[in-house]
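As the structure is a computational prediction, the values presented were derived from the model and not from experiment.
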Amino acid sequence: MRDRKPDTIIIPPHKYDLERLPFAKRLLELRPGECIWPINDGSPFLFCAAKTAGKYCQHHQSRAVAVHRIAKREK
């Protein structure tokens with residue numbers, strides 16, 4: 001496991017991420033309109049690449065908002 005700062009929020013893997021692995025892309029392979037959420041922890045980093053209108057697909061957008069709310073409560 002990699003060393004992380006104590007204040008780093010670690011988002012655990014989700015079943016959805018495992019389902020996306022066969023479709024994942026490296027950063028340089030991503031095209032506009034594809035989700036940029038990392039779905040593994042490196043060697044190399046792979047990103048979701050699901051179609052989206054923003055940075056993240058609907059699933060990862062909802063996870064990001066939930067993590068933000070949790071982090072805000074803990075401060």
So do Glu29 and Phe47 actually touch side chain to side chain, heavy atoms under 4.5 Å?
no
Going from CD1 on Ile39 to CZ on Phe23, what distance comes out if it is rounded to the nearest 0.5 angstrom?
10.0 Å
Any sub-3.5 Å donor-acceptor pair from Arg20's side-chain atoms to Cys48's backbone N or O?
yes
Please tell me if the side chains of Lys55 and Trp37 come closer than 4.5 Å, counting only heavy atoms from C-beta onward.
no
Distance from His59 atom NE2 to Lys15 atom NZ, nearest 0.5 Å?
11.0 Å
Using the rule that two of Ile, Leu, Val, Met, Phe, Trp, Tyr join whenever any of their side-chain heavy atoms come within less than 4.5 Å, decide whether Leu18 and Phe45 are in one cluster.
yes
Close side-chain approach of Asp17 to Arg63, heavy-atom, < 4.5 Å:
yes
I want to check something: taking the side chain as every heavy atom from C-beta on, are Arg26 and Leu46 in contact at a cut-off of under 4.5 Å?
yes
Looking only at heavy atoms, the pair that brings Cys35 and His60 closest together is SG-ND1, 3.5 Å
Under 4.5 Å between any side-chain heavy atoms of Tyr56 and Ile36, yes or no?
yes
